[in-house]
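Start at 1 with the first residue, then count along the sequence. When a ligand or atom number is given, it counts from 1 through the structure's own listing order.
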Amino acid sequence: MSLSNYRDQIIVALDVQKDEDFIRLTESLKGHATYVKIGMELFYTKGPDAIKVLKEMGFKVFLDLKLHDIPNTVLKSVKTLVKLGVDIINVHAGGGLEMMKAAKVGRDQGMEEYGITQKPLLIAVTQLTSTNQNILEQDLLIKQEISEVVKSYAMKAKEAGLDGVVSSALDVELIKEACGKEFITVTPGIRPKGSSTDDQKRVMTPTEAINIGSDYLVIGRAITNSDNPGGALEKIIEEI
Ligand code: C5P
């Protein structure tokens with residue numbers, strides 16, 4: 001695969017709040033990153049303005065708000081997010097089948113109502129990459145193997161008609177086996193060799209994640225903590 005294709009598979013997580021950090025990061029990433037991710041931190045600080053600015057700069061935007069609420073609220077919220085023109089939207093699979101189905105209805109209604117022609121991908125978070133077996137059992141009282149839980153949540157997302165899931169790269173093979181190759185996997189918890197794992201527990205290197213079949217890699221601190229984020233991204237692409 002060519003370097004430009006790998007570039008289109010990397011989503012840089014812009015987990016910042018201050019304007020100066022936002023400007024420093026986006027200026028450095030301009031012309032290097034195809035996708036950027038707006039998480040709760042940035043969205044709750046800058047709101048829909050952040051999306052507008054990033055779209056004007058030419059980035060594709062993954063709005064990572066991980067919706068998890070009653071189906072009616074999720075339906076209406078997704079519809080509103082579609083109006084903002086984002087490229088990827090997500091919900092928590094833990095919200096259940098009905099909630100995920102409602103999210104899809106919201107996406108489809110939003111496209112129709114607001115005349116959006118480019119369909120935003122709608123994906124579900126299986127388990128956070130900061131969750132391990134111990135947390136699952138002790139805190140969430142889920143006794144199954146984490147990989148079984150991830151697989152089952154992914155199958156529910158597929159049944160609801162979603163486009164794919166967010167998961168650890170460690171679960172990509174299992175998910176593709178259960179849901180098919182076309183079912184998209186977006187994988188955070190990516191750490192180039194030698195970098196700190198921070199709070200992530202289930203991590204993989206960019207090369208390993210691509211080789212195992214991950215469709216999109218979400219990379220945050222390994223790029224954003226660098227003095228030269230654009231350069232750090234290029235280094236990762238070359239390494240792959
Ligand atoms: O800095 P780091 O590379 O760990 O950033 C990972 C990003 O992916 C964060 O924005 C985090 O919120 C997000 N994420 C995650 N695990 C999930 C879903 C999203 O780490 N399951």
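The protein non-hydrogen atom at the shortest distance from atom 18 (C) of ligand 1 is K66 CE, 3.4 Å. Looking only at protein heavy atoms, the nearest one to atom 11 (C) of ligand 1 is K37 NZ, 4.1 Å. Among all protein heavy atoms, the one lying closest to atom 9 (C) of ligand 1 is D15 OD2, 3.3 Å. Scanning the protein heavy atoms around atom 17 (C) of ligand 1, the nearest turns out to be P188 CG, 3.5 Å. Among all non-hydrogen protein atoms, the one lying nearest atom 20 (O) of ligand 1 is Q200 NE2, 2.9 Å.
For the pair K46 and D19, the salt-bridge criterion is met [side-chain N within less than 4.0 Å of a carboxylate O].
The distance from ligand 1 to the heavy atoms of V218 drops below 4.0 Å at these ligand atoms: 7 (C), 8 (O). Interface of Q127 with ligand 1, defined as ligand atoms under 4.0 Å from a residue heavy atom, comprises 21 (N).
Heavy atoms of D64 found under 4.0 angstrom from ligand 1 belong exclusively to the side chain.
One side chain, S196 or D198, offers a donor N or O that lies under 3.5 Å from an acceptor on the other. Between the side chains of D171 and S147, no donor-acceptor pair is found at a separation under 3.5 Å.
Annotation: D199 places no N or O atom under 3.5 Å from an N or O atom of ligand 1; distance criterion only. Residue V125 places no N or O, backbone or side chain, under 3.5 Å from any N or O of ligand 1.
For M40, the closest heavy-atom approach to ligand 1 does not fall below 4.0 Å. For the pair L128 and ligand 1, a heavy-atom separation below 4.0 Å is found.
A distance below 6.0 Å separates the ring centres of Y216 and Y35.
Within a 6.0 Å radius of CE in M111, more than 12 heavy atoms belonging to other residues, nucleotides or ligands are found. Other residues, nucleotides and ligands contribute only 12 or fewer heavy atoms inside 6.0 Å of the CG atom of D227.
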